[in-house]
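One structure is given here, and the rest of the page talks about it.
Everything numeric in this text was worked out from a predicted model, so none of it was measured.
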Amino acid sequence: VVEALAAWCEEHGPFDLVFDTVTSHDSRDRASDYPNRLLSRPGIVRRPSETDGGGAGGADGTVDPHNYVTIGGGTMGWVRAGVKKVLGLNVFPTGRELFWITPAYCAPYLERLAGLCAAPELPSDLPAETAPESDPARDGAAAASGDLAGDTPEGGETPAGGGIRPVVAEVLPLTDEGVRRAFALMHGRRTKGKVVIEVVAAS
């Protein structure tokens with residue numbers, strides 16, 4: 001990722017602002033260490049002291065002094081975010097900031113979604129550890145044409161004259177019950193194939 005960004009910036013110039021939606025307190029995200037990797041690599045993120053010729057940022061062409069923004073982080077990051085939220089003082093080091101999101105209008109929807117995806121009680125009809133049978137009506141023309149997932153030879157080569165069809169375990173509607181069941185199936189870790197949420201019903 002860093003190398004790809006560096007190559008892009010060599011052609012187009014550094015970023016004035018980075019809004020990092022990956023970094024968090026999770027150990028897997030900390031292992032990626034994107035803030036330090038991106039900020040330590042010259043030419044990817046514009047330094048607050050650098051100018052861009054007056055085309056962006058402040059009136060003098062400089063960028064915001066806290067132009068690498070995350071929406072998650074460690075304890076100290078949240079303490080600093082709290083100080084800014086309550087007292088209005090930005091005590092983040094130059095170039096860094098943790099943005100405290102206040103979902104004023106979407107909070108009810110986020111709470112509802114959290115309730116749907118919380119580890120649910122597994123349904124009694126949770127599938128056994130076997131791949132589902134092919135269902136042409138469910139899986140569409142790919143299943144009807146015989147391009148089954150099991151036809152793929154070892155090595156991942158595509159069968160002659162056909163494509164690869166992923167196994168679909170279940171198709172569910174975009175409703176509370178449908179989403180709840182989808183999460184239940186994933187939590188059960190016994191589903192063989194994709195759990196699909198159907199946004200628009202097939203005609």
Side-chain angles (χ1 to χ4, degrees), residues 1-52 56-58 62-122 126 156 166 169 174 179-197:
V1 173
V2 176
E3 293 301 323
L5 285 173
W8 189 91
C9 290
E10 282 185 8
E11 180 179 353
H12 302 281
F15 292 99
D16 292 329
L17 173 70
V18 174
F19 193 69
D20 181 344
T21 60
V22 174
T23 297
S24 74
H25 68 282
D26 188 282
S27 59
R28 294 166 295 184
D29 295 335
R30 290 201 307 270
S32 298
D33 196 23
Y34 283 122
N36 288 325
R37 291 169 63 194
L38 293 177
L39 291 173
S40 64
R41 181 70 179 266
I44 294 182
V45 183
R46 195 183 305 279
R47 307 291 183 183
S49 59
E50 297 174 345
T51 64
D52 60 6
T62 59
V63 298
D64 189 281
H66 302 279
N67 63 329
Y68 192 100
V69 183
T70 66
I71 60 171
T75 302
M76 185 52 66
W78 286 108
V79 170
R80 288 171 172 154
V83 170
K84 181 182 178 183
K85 182 180 178 66
V86 176
L87 302 178
L89 300 175
N90 195 327
V91 293
F92 284 96
T94 300
R96 306 287 190 98
E97 187 161 331
L98 189 155
F99 182 65
W100 190 307
I101 297 177
T102 305
Y105 299 104
C106 59
Y109 302 100
L110 293 175
E111 291 170 359
R112 182 177 176 185
L113 180 60
L116 293 174
C117 66
E121 181 178 345
L122 300 181
L126 195 69
L174 184 59
V179 172
R180 189 175 290 111
R181 177 171 174 79
F183 279 110
L185 291 170
M186 290 190 293
H187 279 293
R189 297 184 180 276
R190 296 205 307 253
T191 301
K192 297 293 183 70
K194 303 298 183 182
V195 176
V196 179
I197 297 292

So, do [X] and [Y] sit near enough that their side-chain heavy atoms are less than 4.5 Å apart?
{"X": "Tyr34", "Y": "Tyr68", "answer": "yes"}
{"X": "Thr23", "Y": "Asp29", "answer": "no"}
{"X": "Arg80", "Y": "Arg96", "answer": "no"}
{"X": "Leu17", "Y": "Asp64", "answer": "no"}

Run the numbers on Asn67 and Val18 for side-chain contact (heavy atoms from CB on, under 4.5 Å), then give the verdict.
CA-CA 6 Å; Asn67 63 329; Val18 174; over 6 Å; no

Distance-minimising heavy-atom pair for [X] and [Y]:
{"X": "Arg46", "Y": "Asp16", "value": "NE-OD1, 2.6 Å"}
{"X": "Cys9", "Y": "Gly43", "value": "CB-O, 3.2 Å"}
{"X": "Ala182", "Y": "Ile197", "value": "CB-CD1, 3.8 Å"}
{"X": "Leu98", "Y": "Gly77", "value": "CD1-C, 3.9 Å"}
{"X": "Thr191", "Y": "Ala169", "value": "CG2-CB, 3.2 Å"}

Which value, rounded to the nearest 0.5 Å, describes the distance between Lys85 atom NZ and Asn90 atom CG?
14.0 Å

Under the 3.5 angstrom rule, does the side chain of His66 hit a backbone N or O of Thr94 as a donor-acceptor pair?
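Looks like no, no N/O pair under 3.5 Å.
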
Run the side-chain contact (heavy atoms from CB on, under 4.5 Å) test on Leu5 and Arg41 for me, step by step, so that the C-alpha distance in whole Å, both residues' side-chain angles and the decisive distance to 0.1 Å come before the verdict.
CA-CA 10 Å; Leu5 285 173; Arg41 181 70 179 266; over 6 Å; no

Just say parallel, tilted or perpendicular for the rings of Phe19 and Phe99, cut-offs at 30° and 60°.
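Ring orientation, 0 to 90° scale: perpendicular.
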
